[in-house]
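Data first, discussion second: the structure below is written as structure tokens.
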Amino acid sequence: MIAKPSAPQTEEELMQRAQSIAGLNLQQLAQLANVPVPDNLQRDKGWTGQLLEWHLGATAGSKPVPDFELLGIELKTIPVNRAGEPLETTYICVAPLTGCAGQTWPDSPVRIKLNRVLWVPILAERSIAVAQRIIGFPILWSPTVQEDLALQADWEELMDMIVLGQVDQITARTGEFLQIRPKAANSKVRTQGIGAHGQPIETLPRGFYLKKNFTRKILTDSALLT
DNA sequence: AAGTGATCATCT
DNA sequence: AGATGATCACTT
């Protein structure tokens, strides 16, 4: 067991730390942090992410600020198969359903969250026991101009629907790279939204997610540079 | 209730 | 098989 690592002071320090744990499995990481490894993630869905936060010295906890506040970097673990392709979509942030008229892409929570992300792939095929899943090589990413424009197009389409009172017509198919899906304890949870006639309605809380086609390109682009 | 971390499990 | 809609745990 080792003491919880302190917050990295520079990007280089963060990357060095992330690179130094690449190749280790989750059992080794859990042992260093002195935490037990769950048999499955059914009741511990955020376990891997929190384990990585511990090792890399993320500071935010569950506060609404970047994981590495000093560096303005967000940490995302992403489960991948042996080909390095994502197994799941990636949660970004809550979708604002009220008070978001007039918001623009550059100052949207989605754009801010994605400004600088440290992606840590985890070889996490379901057939591999949680303890044996392996940390991959980290990727520090910011959106390219093309990526930014593509996300903006999806975001504007989705936000237009929210503002126009069409939130209940949004499905996970809306948007090419960015999608909106439920984000709640269960399907009975309600939050306030905008109805078809501009009136307040009660609706399911939603979140923004990156589809796999988008994150797959981030991961494979980075592999080409390596 | 809303935010953090995500994966599960059912349907197509 | 893959994506969609639902769900789990914890913190503020």
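Here the structure is a predicted model, which means the values were calculated and not measured. Hydrogens, waters and symmetry mates are skipped; everything else that's a heavy atom, side chains included, is used. Just so it is clear: chains get the letters A, B, ... in the order the sequence lines come, proteins before strands, and each one is counted from 1.
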message: Counting the atoms with a prime plus P, OP1 and OP2 as sugar-phosphate, which does A:Arg43 contact under 4.0 Å by heavy atoms, base, sugar-phosphate, or nothing?
response: sugar-phosphate

task: Among the candidates B:dA6, C:dG2, C:dT7, find the nucleotide nearest to the side-chain atoms of A:Tyr91.
output: B:dA6

message: Strictly below 4.0 Å: does A:Lys76 bring a side-chain N or O up to OP1 or OP2 of B:dA6?
response: yes

field: Considering all heavy atoms, the nearest A:Trp54-A:Pro5 contact
entry: O-CD, 3.2 Å

- prompt: If you take all heavy atoms of A:Val37 and A:Leu26, which pair is closest and at what distance?
  reply: CG2-O, 4.3 Å

- prompt: Rounded to the nearest 0.5 Å, what separation is found between the CD1 atom of A:Ile92 and the CG atom of A:Leu210?
  reply: 3.5 Å

message: Both A:Asp44 and A:Thr191 contact DNA chain B. Which one's nearest nucleotide lies toward the 5' end?
response: A:Thr191

task: Could you tell me whether A:Pro205 contacts a base, only the sugar-phosphate backbone, or nothing, with contacts defined as non-hydrogen atoms closer than 4.0 Å?
output: nothing

message: Among C:dC8, C:dT4, B:dA6, which nucleotide has an atom closest to any side-chain atom of A:Ala172?
response: C:dT4

message: If you only use heavy atoms from C-beta on, which nucleotide in B:dG5, B:dT7, C:dT7 is closest to the side chain of A:Glu74?
response: B:dG5

- request: Assign each of A:Lys188 and A:Thr174 to its nearest nucleotide of DNA chain C by heavy atoms, then name whichever residue's nucleotide is nearer the 5' end.
  value: A:Thr174

message: Taking any heavy-atom pair under 4.0 Å as a contact, classify A:Gln192: base, sugar-phosphate, or nothing.
response: nothing

Presence of A:Lys45 side-chain N/O under 4.0 Å of C:dT7 phosphate oxygens OP1/OP2: no

message: What contact category does A:Gly46 fall into here, base, sugar-phosphate, or nothing, at under 4.0 angstrom with non-hydrogen atoms?
response: base

message: Would you say A:Thr48 places a side-chain N or O within less than 4.0 Å of OP1 or OP2 belonging to B:dA6?
response: no

task: For A:Thr89, report the nucleic acid contact type (base, sugar-phosphate, nothing); a contact means any heavy atom under 4.0 Å.
output: base

message: Looking only at the side chain of A:Arg181 (C-beta and beyond, no hydrogens), which of the listed nucleotides C:dG2, B:dG3, C:dA6 gets closest?
response: C:dA6

query: Are the side chains of A:Ile73 and A:Val117 in touch, meaning some heavy atoms are under 4.5 Å apart?
result: no

task: Return yes if the base of B:dA6 and the side-chain atoms of A:Tyr209 contain a donor-acceptor N/O pair under 3.5 Å, otherwise no.
output: yes

query: If each of A:Arg126 and A:Glu53 is mapped to the nucleotide of DNA chain B with the nearest heavy atom, which maps nearer the 5' terminus, i.e. the 5' end?
result: A:Glu53

- request: Go through A:Leu32 and A:His55 one step at a time and tell me if the side chain to side chain contact (heavy atoms under 4.5 Å, CB included) criterion holds.
  value: CA-CA 9 Å; A:Leu32 290 168; A:His55 276 275; 3.6 Å; yes

task: Please check the phosphate of C:dT7 (OP1 and OP2 only) for any side-chain N or O of A:Ser187 closer than 4.0 Å.
output: yes

query: Is any side-chain nitrogen or oxygen of A:Gln50 closer than 4.0 Å to OP1 or OP2 of C:dC10?
result: no

message: Nearest to the side chain of A:Lys183, heavy atoms from C-beta on, is which of B:dC8, C:dG5, C:dT7?
response: C:dT7

- prompt: Just checking A:Leu204: base, sugar-phosphate only, or nothing, at a heavy-atom cut-off of under 4.0 Å?
  reply: sugar-phosphate

field: Base B:dC8 paired with A:Glu88 side chain (donor-acceptor, <3.5 Å)
entry: yes

- request: State, yes or no, whether a side-chain contact exists between A:Leu71 and A:Pro66 at a heavy-atom distance under 4.5 Å.
  value: no

field: Under-4.0 Å side-chain N/O to phosphate OP1/OP2 contact, A:Lys113 with B:dT4
entry: yes

- prompt: Reckon A:Gln42 touches a base, only the sugar-phosphate, or nothing at all at heavy-atom distances under 4.0 Å?
  reply: sugar-phosphate

